**Q** 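Here it is, the structure in full.
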Amino acid sequence: MKKLKSITIIATTMAISCFTATAHETDLAATHIAKGVSCTACHGTEKVISGAFVENESCLQCHGPLETLQQKFAALGKKNPHDNHLGEIECALCHRGHSPSESYCLQCHKNFVMPMK
Ligand code: HEC
Ligand code: HEC
Ligand code: HEC
Ligand code: HEC
């Protein structure tokens, strides 16, 4: 992830009151916070309100462009989680911020094997 080096990650002093959302150890948010990624980097604000949401562009600032992700999983063909018949969908439909991630594909394709970290 060489690209990340060029990104200035805002080192925030996180007040306890910032943790309004539960952070389980396996959460995407917790994984990110452990790597120095702040609430702001995903949410665009430190005062995240209930019902908050993360735009794909936020994620893609660090993990994009989307084509890079598509190529990484190209071997999966039409079962590529990042390139399929649904087009570009919300990252968080699969990569949940504060609860265990689960592939959205499985809602319709019960027989797919698509584990998520
Ligand atoms: C890796 C990106 C990421 C980071 C870092 C992150 N979040 Fe989130 N957050 C999400 C996503 C994605 C959602 C959308 C709901 C979901 O998928 O869990 C969300 C949703 C939320 C919500 C709304 C939850 C609801 O059910 O209404 C709150 C509040 C929130 N985050 C607070 C925070 C706080 C506070 C921090 C910093 C301690 C933080 N988040 C860090 C990705 C992140
Ligand atoms: C400010 C940059 C930044 C933002 C914004 C960001 N990430 Fe990350 N992400 C990282 C870093 C850094 C890592 C850890 C990379 C590593 O260890 O190689 C990571 C790791 C990951 C991983 C691998 C997790 C694991 O357990 O191995 C996934 C999946 C991921 N991010 C998805 C997302 C999604 C989805 C969003 C938006 C909701 C997002 N990221 C937002 C920087 C970011
Ligand atoms: C249909 C479900 C799905 C969607 C939508 C999705 N992903 Fe993924 N993503 C996966 C799966 C499955 C993996 C592989 C298992 C894992 O890492 O959890 C993965 C892996 C990743 C990884 C780790 C890559 C690596 O090198 O191991 C990153 C980063 C990532 N996704 C980012 C994103 C971003 C950013 C978006 C939105 C533009 C997104 N994903 C949308 C299912 C999805
Ligand atoms: C809202 C329901 C729905 C979701 C969610 C969904 N699909 Fe599908 N998918 C379908 C339907 C309907 C078909 C066409 C009928 C069939 O062949 O099963 C299809 C067909 C397919 C096929 C070709 C047939 C097969 O089973 O090999 C693939 C591959 C596929 N989808 C991949 C995905 C992937 C990857 C995701 C997640 C990113 C996904 N689908 C999410 C409904 C869905």
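Quick note: residue numbers are just sequence positions, from 1. Just so you know, ligand 1 is whichever comes first in the structure, and atom 1 is the first atom listed for that ligand. Not measured: the values here are computed from a predicted model.
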**Q** Under 4.0 Å from atom 33 (C) of ligand 4, is there any protein heavy atom?
**A**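 Within 4.0 Å: yes, protein heavy atom nearby.
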
**Q** Got the closest protein heavy atom to atom 3 (C) of ligand 4, with its distance?
**A**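 Result: Cys108 SG, 2.7 Å.
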
**Q** Would you check the N or O atoms of Arg96, main chain and side chain alike, for any that come under 3.5 Å of an N or O of ligand 1?
**A** no

**Q** Which atoms from ligand 4 have a heavy atom of Tyr104 less than 4.0 Å away?
**A** 5 (C)

**Q** Has ligand 4 got any nitrogen or oxygen that is less than 3.5 angstrom from a nitrogen or oxygen of Lys78?
**A** no

**Q** Can you list the atoms of ligand 1 that are under 4.0 Å from a heavy atom of Gly51?
**A**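 Close to Gly51: 23 (C), 25 (C), 27 (O).
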
**Q** Of all the non-hydrogen atoms in the protein, which one sits nearest to atom 20 (C) of ligand 4, and at what distance?
**A** His109 CE1, 3.6 Å

**Q** Decide whether an N or O pair under 3.5 Å exists between His32 and ligand 1.
**A**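 No - when backbone and side-chain N and O of His32 are compared with those of ligand 1, no distance drops under 3.5 Å.
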
**Q** Does Cys105 bring an N, O or S atom to within less than 2.8 Å of atom 8 (Fe) of ligand 4?
**A** no

**Q** With a cut-off of 2.8 Å, does any N, O or S atom of Cys39 fall short of it relative to atom 8 (Fe) of ligand 1?
**A**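 Coordinating: no.
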
**Q** Do any non-hydrogen protein atoms sit less than 4.0 Å from atom 1 (C) of ligand 4?
**A** yes

**Q** Considering only the protein, which heavy-atom contact is closest to atom 26 (O) of ligand 4, and what is its distance?
**A** Phe112 CE1, 3.9 Å

**Q** Tell me which protein heavy atom sits closest to atom 41 (C) of ligand 4, plus the residue, atom name and distance to 0.1 Å.
**A** Leu86 CD1, 3.5 Å

**Q** Give the numbers and elements of all ligand 1 atoms closer than 4.0 Å to a heavy atom of Ser38.
**A** 5 (C)

**Q** With respect to Ser103, determine whether any N or O atom, backbone or side chain, lies less than 3.5 Å from an N or O atom of ligand 3.
**A** no

**Q** Any nitrogen or oxygen of Gly97 lying under 3.5 Å from a nitrogen or oxygen in ligand 1? Just yes or no.
**A**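 Checking ligand 1 against Gly97, an N or O pair does fall under 3.5 Å apart.
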
**Q** Please confirm whether Asn84 comes within less than 3.5 Å of ligand 4 when only nitrogen or oxygen atoms on both sides are compared.
**A**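 Among all N and O atoms of Asn84, none is under 3.5 Å from an N or O of ligand 4.
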
**Q** Where the closest heavy atom to atom 19 (C) of ligand 3 is concerned, which of Gln107, Glu88, His82 has it?
**A**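 The option holding the nearest heavy atom is His82.
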
**Q** Just heavy atoms, cut-off under 4.0 Å: does Thr31 contact ligand 1 by side chain, backbone, both, or neither?
**A** neither

**Q** For atom 37 (C) of ligand 3, which candidate among Cys94, Pro65, Cys91 holds the nearest heavy atom?
**A**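 Ranked by closest heavy atom to atom 37 (C) of ligand 3, first place is Cys91.
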
